[in-house]
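To keep things clear, I will list the structure first and then write my remarks on it.
Start at 1 with the first residue, then count along the sequence. Each ligand, and each atom within it, is numbered from 1 in the order the structure gives. The analysis underlying the following values was restricted to heavy atoms, covering all of them including side chains, and did not include hydrogens, waters or symmetry mates. From a predicted model like this one, the values you see are computed outputs, not experimental measurements.
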Amino acid sequence: MEMCSSHLVSSGINRLISDEQQYDRHRLADEHSLYLQQLTDEQHHVYDRIMQSVNDGVGGVYFLYGYGGTGKTFVWKTLASGLRSRGQIVLTVASSGIAALLLPGGRTAHSRFAIPLNVDEFSTCNIKQGSALAELIIKTKLIIWDEAPMVNKHCIEALDRTMRDLLRFKNVHSEEQPFGGKTIVFGGDFRQILPVIPKGSRQDIVNATINSSYIWNSCNMLKLTRNMRLQADDANVHSSELKDFAEWILSIGDGKCGESKDGIDTIQIPNDILIKEWEDPIAAICRAIYPEMFWPSNSVYEVEDRAILAPTLQIVDEINRYMMSLNPCESQTYYSSDKACPTEPSNELIASIHTPEFLNTIRCSGIPNHELTVKVGTPIMLLRNIDHSAGLCNGTRLVITKLGKHIIEAKSMTGKNAGQKVFIPRMTLSPSDHRIPFKFQRRQFPIMVSYAMTINKSQGQSLSKVGLILKKPVFTHGQLYVAISRVTNKKGLKILLCHEEERSNETDNVVFKEVFRNV
Ligand SMILES: Nc1ncnc2c1ncn2[C@@H]1O[C@H](COP(=O)(O)OP(=O)(O)OP(=O)(O)O)[C@@H](O)[C@H]1O
């Protein structure tokens, strides 16, 4: 949506620019020198390259490649504090709301750059020349875009096209320079789930990633290889055990574990992670991850920092229903009101098909179901950005504390706002799913129950206990890697396999190795 310039520019002051210059420069200068002393040699090299590019003002495109825990966020924080302490503007964005929360002053790329929801090779951002947002971009010294491999390359190309155009009055060569001659640094891990292309083939998915874009030819690669999370971790855990676990996770991400056949690897799950004793697989995985829920006299239902993951929504729903049945509190069901958006030209026949009753039956990811049953104590996940500064964005997990008629009260589970109570209102939501060939609106609380969630939805979450249930093997690139890398502690991970007739410790791992061809 185009930002209203008059609203953001009042009495000659561009609010978007002044917001970005409001940082406490003394505090940031102290923070910056502290971070700078701590940087490892490889982190320092990355920092120097990017700072050099900003200071020279010549622009440049960089990609910082490093798996989880190598300190990408640490480098982003050092860069941002260094430039902001000088009063310079750094825009920090991420492809998902959860990753954006980890960045200082972070926003999602879509909201920051007004990127359209449905993009193609001709798309541009909704930013007008002369608008407040255009001025902000012109004044920006550095753009940091985390988790870039999970977004469709057309989103990144839309920003490139827009910036080449916006900067042409400032830089006569902007149209020939990537991102109009600004410095931009992308980050991320190609082992994770790649852009989701509904009904897309393997080739379509690989083709939609940033390293299949024309932008990639201008990208300077920078790498981080040392796992800083493991170094910082609990000294009680034997470090060689942690190292082995981290290497096992990486070998799954790289597709270098197990035997390969027709592009699918068969891997073995270690005995201490596998759940072998079970009658009912759903009950068994729930008992492993939420044992307190099975204690008869228990009144404290610990759900924080835990989740059960599965590849498909169907199993996720089954687990959530099962877990809800263990909570003795009274349930409340909220029904959405759905309506079709008018079509042009208005068509009586279509209107008679898209009745509210028909719309109520539609279930798709990204919007809540028509019928939403919850209880006090139910863990939920937000499906929309509500208030980024309060840590309430798409993907934030909370626990319900009170159920009203028009509002739900909940408590944040993680992050700097953990424990804080918030109110969630009903919102009008429209699905952006290409598979629904017409537009409709649903008014409902923007939440889903999250005892269990799909692996795709868990990307970016950091959890102390993870249960992975595979009634069917994983089916796309990165799913197994993302599922098992949500925990850093081996003890927190349990896997239950029930996709074979006979009990086995083997399952599939899908890695599109061609995606690593040029990284
Ligand atoms: N040079 C450093 N000195 C001290 N601690 C560091 C350093 N670099 C990273 N860390 C710490 O290591 C942990 C992992 O770093 P960070 O979160 O930046 O990694 P990441 O690559 O962004 O991981 P992810 O992709 O999983 O978010 C953090 O606790 C961070 O504070």
Side-chain angles (χ1 to χ4, degrees), residues 30-51 62-82 90 92-106 108-109 144-151 185-194 210 221-235 237 239 242-243 245-247 249-250 252-254 305 307 309 391 393 395-396 414-416 418 455 458-464 466 478 481-489 492-493 519:
D30 292 346
E31 212 173 278
H32 176 242
S33 56
L34 195 70
Y35 289 152
L36 210 51
Q37 287 164 20
Q38 294 183 60
L39 291 182
T40 60
D41 287 349
E42 60 179 9
Q43 288 173 341
H44 222 300
H45 171 72
V46 170
Y47 172 87
D48 287 343
R49 283 284 302 273
I50 295 166
M51 273 303 198
Y62 295 86
F63 190 95
L64 178 55
Y65 187 43
Y67 57 89
T70 49
K72 295 181 293 296
T73 313
F74 202 82
V75 172
W76 304 148
K77 283 183 187 165
T78 315
L79 286 165
S81 57
V90 183
T92 47
V93 301
S95 302
S96 76
I98 283 291
L101 281 183
L102 300 175
L103 300 171
T108 63
I144 294 172
W145 185 329
D146 204 5
E147 274 192 340
M150 71 178 277
V151 84
V185 49
F186 296 98
D189 185 355
F190 288 91
R191 297 175 190 90
Q192 296 208 339
I193 295 165
L194 301 172
I210 178 176
M221 279 302 283
L222 301 167
K223 283 192 186 178
L224 292 178
T225 56
R226 193 164 148 210
N227 192 327
M228 299 303 290
R229 185 170 287 135
L230 282 187
Q231 322 251 324
D233 239 328
D234 191 348
V237 186
S239 70
L242 266 177
K243 195 162 163 274
F245 183 53
E247 276 170 10
I249 292 177
L250 272 188
I252 286 177
D254 288 330
D305 266 9
L309 309 179
C393 67
T396 300
T414 48
K416 62 179 192 308
I455 297 172
S458 78
Q459 184 147 295
Q461 301 279 346
S462 196
L463 303 159
S464 64
V466 168
Y481 171 74
V482 165
I484 63 176
S485 61
R486 296 309 87 217
V487 280
T488 47
N489 183 352
L493 178 65
V519 293

| said: Test side-chain contact (heavy atoms from CB on, under 4.5 Å) on Leu36 and Tyr47; report intermediate values, then the result. | reply: CA-CA 9 Å; Leu36 210 51; Tyr47 172 87; 3.5 Å; yes
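Contact annotation: the side chain of Asp48 approaches that of His44 to within less than 4.5 Å [non-hydrogen atoms, C-beta and beyond]. Considering only heavy atoms from C-beta on, Met150 comes within 4.5 Å of Ser96 through its side chain. You'll find the side chain of Leu224 reaches within 4.5 Å of the side chain of Val75, heavy atoms only. When side chains are defined from C-beta on, Thr396 counts as touching Leu101, because their heavy atoms get closer than 4.5 Å.
Atom numbering of ligand 1 starts at 1 in the shown order; those under 4.0 Å from a heavy atom of Gly71 are 9 (C), 15 (O), 16 (P), 18 (O), 19 (O), 20 (P), 21 (O). Against a heavy-atom cut-off of under 4.0 Å, Phe74 is close to the following atoms of ligand 1: 1 (N), 2 (C), 3 (N), 6 (C), 7 (C), 8 (N), 9 (C), 10 (N), 18 (O), 31 (O). If you number the atoms of ligand 1 from 1 as listed, the ones under 4.0 Å from a heavy atom of Lys72 come out as 18 (O), 19 (O), 20 (P), 21 (O), 22 (O), 25 (O). Interface atoms of ligand 1 facing Gly68, defined by a heavy-atom separation under 4.0 Å, are 23 (O), 24 (P), 25 (O), 26 (O). Which parts of ligand 1 touch Thr70 is read off a 4.0 Å heavy-atom cut-off, strictly below it: atoms 19 (O), 21 (O). For ligand 1, the atoms sitting less than 4.0 Å from at least one non-hydrogen atom of Gln38 are 1 (N), 2 (C), 3 (N), 4 (C), numbered in the order shown with element in parentheses.
In this structure, a donor-acceptor pair under 3.5 Å is absent between the side chains of Glu31 and Ser81.
Remark: ligand 1 and Leu102 share no N or O pair separated by less than 3.5 Å (distance only, no angle test).
Residue Met228 holds the heavy atom nearest to atom 9 (C) of ligand 1 of all those in Met228, Arg486, His44.
Put simply, part of Gly69 is less than 4.0 Å from ligand 1, judged by heavy atoms.
In this structure, Phe190 has its ring center under 6.0 Å from that of Phe63.
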